[in-house]
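Basis for what follows: all heavy atoms, side chains included, without hydrogens, waters or symmetry-related copies. Numbered from 1 within each chain, the chains take letters A, B, ... in sequence-line order.
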Amino acid sequence: MAVGAPRRPAVRRNGPGPYTGVPRVRVAVEEPAYGEEELLVARVRLLEGLVGRTEIADCAQLALQWLGDVLGLRQSLCLVRPAGEQSLFVVAVSGLGGSGFTSFGVSLEDWANPLVSAFTHRKELFFPAPHSAADRKRRPSTPFEDGAFHVVPLGMSGFSEEVFGLLLIGGTAPLPPELHWFTNVFGQKIDQLLRYQSLTDVDRKQGRERSLLHNIINAVTDPILLTDVEGRLLIANARALTLFTASEEESEGRRGAVRMNNMLLSSALSSKAIEETGATRRELLLVNPVDGSDLVFELLSTVTEDPRQGSGVVSILRNVTDLRRASEEIEENYRKMRIAEALARAESDRLNLIIDSVADPIVVADAAGATSLMNEPAERLFTLPARASAVEQRWVQTNDAHFSSFIAGMLVSADQRRAGEIGLIDPKTGEPMPVEAIAGKILSEHGELTAVVTILHDRREAIEKAQLYEQLKQASDELERKIQAATADIAQQNELLRRQAIELEQASALKSQFLANMSHEFRTPLNAMLGYTSMLLQGVAGPVEQPVKRQLGRIESNGRHLLTIINEILDISRIEAGRMPLQLSTFRLADLVSEVKAELEPIIMRSKLSIVLDLPKDLKPITSDRQKVKQILLNLLSNALKFTHHGSVTMTARRNAKDRTMTLSVSDTGIGIAPLDQDKIFEDFRQLDNSPTRAYGGTGLGLSICRRLAQMIDGRITLQSEVGKGSTFTLTLPLKGRR
Amino acid sequence: MNKNVARPRVLLVDDYPDAREMYSEYLEFCGFEVVEAGNGMEALQRAADENPDIILMDLSLPVMDGWEATRRLKADKRTASIPVVALTGHALAGISEGARKAGCDAFVTKPCLPEDLVKEIRKVLDGQTSTTTKKVRRSGKHG
């Protein structure tokens, strides 16, 4: 909205009016054609026209038009001083060409200007056309230029001397008397309009200021209120309105909040404190009607005295909710900071603990090389103990000097890390203490050196260990050398033994070969001897006398004995030479027993003993070395026959499912063997009767051979015997022999 | 039929004269016709010449041993069908197996009484004469 009137009245040249349709340029008449009556009508017409107009420019235009039409004053110009202005402005022009007048104005401060004089002194002036430059100089500058013109002040005659403007009328003719009436009426109208205009100006100005004020207080985000002494709300800004007013359309909750806020506010304002101190600060808790949240305000109330309106209270509410929140946050942050600080302290304590718990000395130096932190082991090296002797002091100082030079070297070098050895002295004992120093630079995030951390490691133990290791290694090498020597010896011995074994084997093989050859050589003549003896006995060469036959029989039996001896020696040597390999086969025991019996049939016939075979019918075949089993049985049976003079010999076979064995027993009713002798009979070349005239022949190798053969087939031979009653030899062998 | 059926002809190969003479005398006493040879080579010759019904072969022989002689006899189709009985004083294991591999049909260990040897010969011959092939071959050769 526009505040106040325009400073300069708008010039309206062809504004609407009752004469709009009338031609503007008429034939100029020196004398008006109006008579008395006509003039009255013209006056009424002007008055009517002026009454309907409220704008100065409109009025002025109409008036100038009327001057031209009625009084014949064709060229005219109206200047008006608006209220409060110090200049005269053109408000209307008539009968003047060009456009210079639009910017034409007269400053009232220009005292030299005759127009100003005319205005201030309320006097009429006439300026004829100039005749000289001096004339021109005296003339005020006007749109009439060099034309003659009259200056007539506009004001109300009789009431006051006040002038509102000037009327400039072109022409040399004297002004008509009718002009007096005109200036009076027109001046009155202008005065009226100017007064009205200035009033509206004030009104508008006040309104503008109110509005500005309103805008200002509305722009304030803090609620502002003016209340009367009873606490009624007089003025409130927009923010306050949302808190303390609510229309009927608002929700119940919002209205309730507003009611609550009003109650809280009036109770806060009605307290005596305001009256006593004039301005107070207090906290006021309100409800946000929009969302129901709590709002904390600081209430600042000031009592104002207005002589017209009476006293009131201006209250400014400052929202401190956020402030409160912020302060709480600050408190919280402070608390957190305290905790963090405590944590940092704990961390630092822990770090110290850790550093102290490290057995190796740790030294932290600052960027200048000065020691800033060291753990206990480091302190022992670099700080003087209480009551230190002069020697100890020197040791510690030496240590310090060595370490400082190491750190200085580290500081000047570009290396991030450095390791080196420092020859320190153990301040406790004075012994040299070589340490390995490992130093690392600690850089800030900007890359500046902040500290140098050095860890020292006592190398004495390592050196000692290395020495021990070296000794150990020497000892070990020595041992190794000895072992190698011993091993070489052993290898040599082994080689020797191996050669000896080979030689022995060869010797044994030679012996076996020799025995084999010998037995062949023995057998060949024996073969002839036994053959011829047999032939003689059979009478191949003719009949033989009985005594000769008996003698031939002796030759034959001795020859057979010799053959047995040869065979048994051969067997033993074959067994010993390992030339009697195991040959497994599956066979029936019953068949084997009858074969053995058949082979010994001649002896059985001669002995007149009864042979009993006790074999189960369902005896299953066994797997073993048939030849060896047969030889054992032959031997046992021939022994039984040899040492039994009467009675019987029984051969028994039994299968023991439990331990998967087979037992073959040969029992006789012969002379028996005394318990003491029962082990001896299995020894080589052992016969119980060793006398030259012994009753029983044989090499004494039989049972020995049997025992060896039994071992070869994983079996064993046991004996049960009683002197005079007989003996039982039992061969126990597995049902299934293994290689 | 073979003219020697009543008196079977035996080729007795042995380098030991006493043994050869003893067996020869006894075999003839028992009704065999005996041809003798002192070594392997001679044995091959006699076997080819005399066409014996059976050969008694001592294995340890000079000039050519019994194993080689047996192999050759069995390789020669003229003598391949004649049964060979190995006769040896060697009693070491493997000897009899070697003899069987060389082609011997039976094996007898010395000392062997003459009567035992005769028993063995008869046993082999009995087994031999029961085969038709031999009869045909023999009759083909001598008939």
Chemist: With a 4.5 Å cut-off on heavy-atom pairs, point out which of Phe29(B), Tyr16(B), Tyr23(B) contacts chain A the most.
Modeler: Phe29(B)
Chemist: Output side-chain donor-acceptor pairs under 3.5 Å for residues 545-556 of chain A, partner residues at least two apart or in another chain, one line each.
Modeler:
{"from": "Glu556(A)", "atom 1": "OE2", "to": "Arg560(A)", "atom 2": "NH2", "distance (Å)": "3.4"}

Chemist: Report, by ascending residue number, the residues of residues 524-542 of chain A in heavy-atom contact with chain B at a distance under 4.5 Å; give 'none' if the set is empty.
Modeler: Thr524(A), Pro525(A), Asn527(A), Ala528(A), Leu530(A), Gly531(A), Tyr532(A), Ser534(A), Met535(A), Gln538(A), Gly539(A), Val540(A)
Chemist: Is there any salt bridge (Lys or Arg N to Asp or Glu O under 4.0 Å) pair reaching into residues 11-24 of chain B, and which pairs are they, with sequence neighbours excluded?
Modeler: Asp14(B)-Lys110(B), Arg20(B)-Glu36(B)
Chemist: Can you pull out every salt bridge (Lys or Arg N to Asp or Glu O under 4.0 Å) where at least one residue sits in residues 627-641 of chain A? Sequence neighbours excluded, please.
Modeler: Glu595(A)-Lys630(A), Glu599(A)-Lys630(A), Asp625(A)-Lys628(A)
